[in-house]
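In what follows, a single structure is set out as structure tokens and then discussed.
Keep in mind that the numbers below use all heavy atoms, side chains included, and drop hydrogens, waters and symmetry copies.
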Amino acid sequence: MPTNEYDPKIHHRHSIRLRGYDYSKVGYYFITICTHYCQPAFGNIEKGFMVLNNAGNMIERWWKEVSCKFPNVQTDLYVIMPNHFHGIINIIDTKLNAIARPNTKDKLVGADLRVCPENKNGEHIDSPLQHTPISKIVQWYKTMTTNEYIRNVKQNDWKPFKGTLWQRNYYEHIIRNEISLGQIREYILKNPSNWEDDELFQK
């Protein structure tokens, strides 16, 4: 069974996709997208900091467009690395002024939150909610960034990539509580300074 707490040695390497799980549920998700063949394309790590090139700036710009494209999605912390991207997505409810409440005494923040929509009188009601699945969000992001990268290869002599810009798959982790959310945020912030210890490290 997958652990509820984030372990970069496990979740960075494998997709912990749960069979039959609804990845459009309200909550926090951690995603990782890698370039095809782990090609370095977005900049370099210098003295523990990521220095983005033009392609890296483009990747960042499209990440900031995610919540414009998908109104029920909020983007949290992220980091662009030379050959991969980490980001936290928060799927929220935009219907009936819904609010999320923990279904236990634990401080849950992720997909185990029970959504309690409120009507105009502030009364809690139950209703089925439709949200955008993580797969659709990631696919849109990959498509937009790939298309712009290709345009810049043709128009601005960016370095061509081999095959495709991104790997076909991606990695996701359901963030179930505040402890896990804090661990992942810390991992994202420290990712550039820990680059040489990263499984995706390439000189």
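Under a hydrophobic clustering in which Ile, Leu, Val, Met, Phe, Trp and Tyr are joined whenever their side-chain heavy atoms come within less than 4.5 Å, directly or via other members, Ile150 and Trp62 fall into the same cluster. Hydrophobic cluster membership is shared by Leu189 and Ile184, with clusters built from Ile, Leu, Val, Met, Phe, Trp and Tyr side chains linked at under 4.5 angstrom.
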Under the criterion side chain to side chain donor-acceptor pair (under 3.5 Å), I'd like the reasoning laid out for Gln139 against Thr143: C-alpha separation, chi angles, the key distance, then a yes or no. CA-CA 6 Å; Gln139 186 57 52; Thr143 300; 3.3 Å; yes

Check step by step if side-chain contact (heavy atoms from CB on, under 4.5 Å) holds for Tyr171 and Ile31. CA-CA 6 Å; Tyr171 307 88; Ile31 63 169; over 6 Å; no

Report the C-alpha separation of Ile89 and Asp76 in whole Å, then their side-chain angles, then the decisive distance to 0.1 Å, and conclude whether the side-chain contact (heavy atoms from CB on, under 4.5 Å) test is met. CA-CA 6 Å; Ile89 286 175; Asp76 199 276; over 6 Å; no

Could you go step by step and tell me if Arg176 and Ile174 meet the side-chain contact (heavy atoms from CB on, under 4.5 Å) rule? CA-CA 6 Å; Arg176 297 186 182 278; Ile174 304 165; 3.8 Å; yes

Report the C-alpha separation of Cys38 and Gln167 in whole Å, then their side-chain angles, then the decisive distance to 0.1 Å, and conclude whether the side-chain contact (heavy atoms from CB on, under 4.5 Å) test is met. CA-CA 8 Å; Cys38 291; Gln167 289 182 5; 4.0 Å; yes

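Using a 30° and 60° split on the angle between ring planes, Phe30 and Tyr187 fall in the perpendicular class, above 60°.
Arg61 places a side-chain heavy atom less than 4.5 Å from the side chain of Met58. Proximity of Asn147 to Arg151: side-chain heavy atoms (C-beta onward) are separated by under 4.5 Å at one or more points. Side-chain contact check for Ile137 versus Val73: some heavy-atom pair is nearer than 4.5 Å. Looking only at side-chain heavy atoms (C-beta outward), Ser180 and His173 come within less than 4.5 Å of each other. Proximity of Phe70 to Trp140: side-chain heavy atoms (C-beta onward) are separated by under 4.5 Å at one or more points. Residues Val153 and Tyr149 meet the side-chain proximity criterion, which asks for heavy atoms closer than 4.5 Å. A 4.5 Å side-chain heavy-atom check between Pro82 and Asn44 finds every atom pair outside the cut-off. Taking 4.5 Å as the limit, every side-chain heavy atom of Glu65 sits out of range of all side-chain heavy atoms of Met144.
Side chain of Asn156 to main chain of Trp158: no donor-acceptor pair is present (N/O by atom type, distance under 3.5 Å, no hydrogens or angles). With Asn53 contributing its side chain and Ala41 its backbone, the two residues share a donor-acceptor pair below 3.5 Å. Within the 3.5 Å criterion, the main-chain N or O of Asn83 finds a donor-acceptor partner in the side chain of Thr35. A distance-only check finds a donor-acceptor pair linking the side chain of Asn177 to the backbone of Ile179 [under 3.5 Å]. Listed for the Gln155 side chain is no donor-acceptor partner under 3.5 Å among the backbone atoms of Asn152. Although no hydrogens or angles enter the test, the distance criterion places no donor-acceptor pair under 3.5 Å between the side chain of Tyr29 and the main chain of Ile91.
To the nearest 0.5 Å, atom OG1 of residue Thr164 and atom NE2 of residue His36 are 4.0 Å apart. Taken from CD in Gln39 to SG in Cys34, the straight-line distance is 12.0 Å, to the nearest 0.5 Å. If you take CE on Met81 and CG on Asp198, they are separated by 5.5 Å, rounding to the nearest 0.5 Å. Here CG of Leu77 is found 8.5 Å from CG of Leu181. Values are rounded to the nearest 0.5 Å. For the atom pair NZ of Lys190 and CZ of Arg185, the computed distance is 15.0 Å after rounding to the nearest 0.5 Å. Distance OH/Tyr78 to CZ/Phe85: 7.5 Å, rounded to 0.5 Å.
You'll find the ring centres of Phe161 and Tyr37 outside the 6.0 Å limit. A distance of 6.0 Å or more separates the ring centres of His84 and Phe42.
Looking at every heavy atom in both residues, Lys142 comes nearest to Ile33 through CE-CG2, 3.6 Å. The minimum heavy-atom distance linking Ile88 with Trp63 is given by the pair O-CZ2, 3.7 Å. Closest approach of Pro192 to Ile45, counting heavy atoms only: O-CG2, 3.6 Å. Pairing each heavy atom of Glu172 with each of Tyr170, the nearest pair is OE1-CE1, 3.3 Å.
The number of heavy atoms from other shown groups lying within 6.0 Å of CD (Glu196) does not exceed 12.
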